[in-house]
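To find a chain, count down the sequence lines: A is the first, B the second, and so on, and within it residues start at 1. Bear in mind that the values here come from a model prediction, so they are computed numbers and not experimental data.
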Amino acid sequence: MKLASSQKSSGFTLSELLVTLSLSSVILGVAIICGISLQKSFNATDNFLATHIQQVRIIDYLNRDVKRGLIVTTSVNLQSVTMTLPSYLIQTGDTEALANPSLVGTPRTPTISYTSSGWQVNYGASTTSVVYSINGSSIVRIENGVVTTIASSTDQLVPITTDVDLANTEYASTSVTFMPIFNLAGNTADRTGTTLYATAYLRNKRRG
Amino acid sequence: MGIFSASFYNYQNPMRTPPKAAELGMTFPEVLVAILLMAIFSGSVFELNAVCLRYIDSSKESVAALQSVHDRAEVLRNLSFTDLTTAATVQSILATAANSSDFCKKATESVTIGAYPTANGTTQFTRTPDGTVTLNSTATDLGTTLVEVDVLTSWNMLGGRARSEQTSTIISNGTKK
């Protein structure tokens, strides 16, 4: 009875090695592509949510100012909003401050008067100007010349605001969109899918 | 024994020469295990990607719901007290969606108005996604000074999980401007 030939003497043939290497390469390639794709997917998700939060921040800022405003006007392309706000705080140079300098920075006491269109609340003659606009890839808020960047993203954030005048009030409808990382050649549909809507009414009587 | 039996393992004679490597194919269980491993790997990749997409979808819906209830509260808050306490007026206003979002086209909205701080019955409306507004109940008395307005929006996530968002606000009678 002859012993079986040793396994050590039976190696792989060249064709076996080639097939194994080919298969290994394909599997490794697929694994690497999957890994990269997952990384891209994670980055896109992270980026999407980060920009989504910026949308919320723009809406919050804008609505807060609209609610405080006396007049809200939008530019022709609806991407710039100008608001006139009462000066709720006493500032240097105001009548109250001249009489008592320690009142600077404190809330102004409003007065109520009757007009032809009903009662209205007044906060003095001085007002504050606030402008929201797009500056490059940022959305900025300018209050009396002081610029504050409230959102900054490379995802082309675009707020569109429409102001609608009513009898004695006004409301501003805002939609904010952006272009996510994964898009089909910048199609409008990609931007539409990111739209966030919000509406805010003036708390003051409309003055303009 | 002949050539035919040489390709099989001989249990009666284990010392027999094993088949050459070139003759060894993959057994059926080996193929099944390989397919199973590949399926698990591929499934994991797809599932991870799907989780990312669901996460985005869920986040978008949550924020849209929040904006929806805020927008509805804004409209109701701006009504005169007489209009706010008149069921027909509120029912008419609710026919219009809270905003233009796609979310409002799939959410059910419920608005409840009651006197504050002590309710004497509540007036409740339900708005279905198709815009139909139903008056579910009418308050015995909403008073003349303060009302509490609750706005609830509810919807089903992808996969059927029920979700909701709610806000409450107290609205007073009198000049608000």
Side-chain angles (χ1 to χ4, degrees), chain A residues 1-5 7 10-13 15-16 27 30-31 33-35 37-38 40-46 48-49 52-53 55-56 59 63 66-67 70 112 114-115 117-121 166 168-169 171 173-175 180 192-207, chain B residues 9-10 13-24 34 37-38 41-80 96-104 174-177:
Chain A
M1 193 167 64
K2 190 174 180 179
L3 287 175
S5 60
Q7 288 284 352
S10 59
F12 293 109
T13 64
S15 55
E16 286 173 340
I27 291 171
V30 168
I33 290 170
C34 285
S37 299
L38 277 177
K40 282 184 178 177
S41 182
F42 175 78
N43 283 342
T45 305
D46 191 37
F48 190 102
L49 295 177
H52 200 41
I53 294 300
Q55 283 181 296
V56 176
I59 294 283
N63 282 357
V66 167
K67 289 172 185 176
L70 297 170
I112 299 175
Y114 189 78
T115 67
S117 56
W119 292 95
Q120 71 177 35
V121 181
L166 300 175
N168 66 345
T169 186
Y171 69 87
S173 292
T174 305
S175 64
T192 306
T194 64
T195 310
L196 181 64
Y197 295 89
T199 305
Y201 281 74
L202 264 62
R203 298 296 190 258
N204 295 297
K205 185 177 179 183
R206 180 167 64 84
R207 309 296 164 89
Chain B
Y9 188 78
N10 191 334
N13 187 5
M15 296 300 287
R16 190 175 176 77
T17 304
K20 291 178 181 175
E23 295 172 342
L24 283 175
L37 288 174
M38 285 302 290
F41 180 73
S42 305
S44 304
V45 170
F46 280 109
E47 183 55 27
L48 274 170
N49 204 27
V51 166
C52 285
L53 294 175
R54 280 202 297 272
Y55 189 35
I56 287 177
D57 200 38
S58 169
S59 172
K60 283 171 68 177
E61 284 183 345
S62 296
V63 175
L66 199 60
Q67 289 300 339
S68 166
V69 294
H70 280 175
D71 288 356
R72 181 63 77 195
E74 276 287 289
V75 172
L76 295 174
R77 185 205 165 280
N78 196 62
L79 290 175
S80 69
T96 306
N99 59 39
S100 311
S101 65
D102 289 339
F103 172 81
C104 289
T175 300
K176 302 169 191 171
K177 302 296 176 190

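We find the CG-OH distance between Leu79(B) and Tyr201(A) to be 7.5 Å, quoted to the nearest 0.5 Å. From Ile53(A), atom CD1 reaches atom OG of Ser59(B) across 6.0 Å, with rounding to the nearest 0.5 Å.
Contact annotation for Phe41(B): only side-chain heavy atoms (C-beta onward) come within less than 4.5 Å of a heavy atom of chain A. Both the backbone and the side chain of Asn49(B) come within contact range of chain A, each with at least one heavy atom under 4.5 Å from a heavy atom of that chain. With a 4.5 Å cut-off on non-hydrogen atoms, Val51(B) does not touch chain A at all. At a 4.5 Å heavy-atom cutoff, the contact between Ile59(A) and chain B is made by side-chain atoms alone. For Tyr197(A), the parts lying under 4.5 angstrom from a heavy atom of chain B are both the backbone and the side chain.
Between chain A and the options Asn99(B), Ile56(B), Val45(B), the largest number of non-hydrogen pairs under 4.5 Å is found for Ile56(B). Ranked by heavy-atom pairs shorter than 4.5 Å toward chain B, the options Val56(A), Thr199(A), Asp46(A) are led by Thr199(A).
Remark: Lys40(A) pairs with no residue by the salt bridge (charged side-chain N to carboxylate O under 4.0 Å, His left out) rule, at least two apart or across chains.
In this structure the side chain of Tyr55(B) reaches within 4.5 angstrom of the side chain of Thr45(A), judged on heavy atoms.
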Distance-only donor-acceptor hits, side chain of residues 62-70 of chain B, under 3.5 Å, sequence neighbours excluded:
from, atom 1, to, atom 2, distance (Å)
Ser62(B), OG, Ser58(B), O, 3.0
Ser62(B), OG, Arg163(B), NH1, 3.4
Ser62(B), OG, Arg163(B), NH2, 2.6

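Closest of all the heavy-atom pairs between Lys60(B) and His52(A) is CA-NE2, 3.5 Å.
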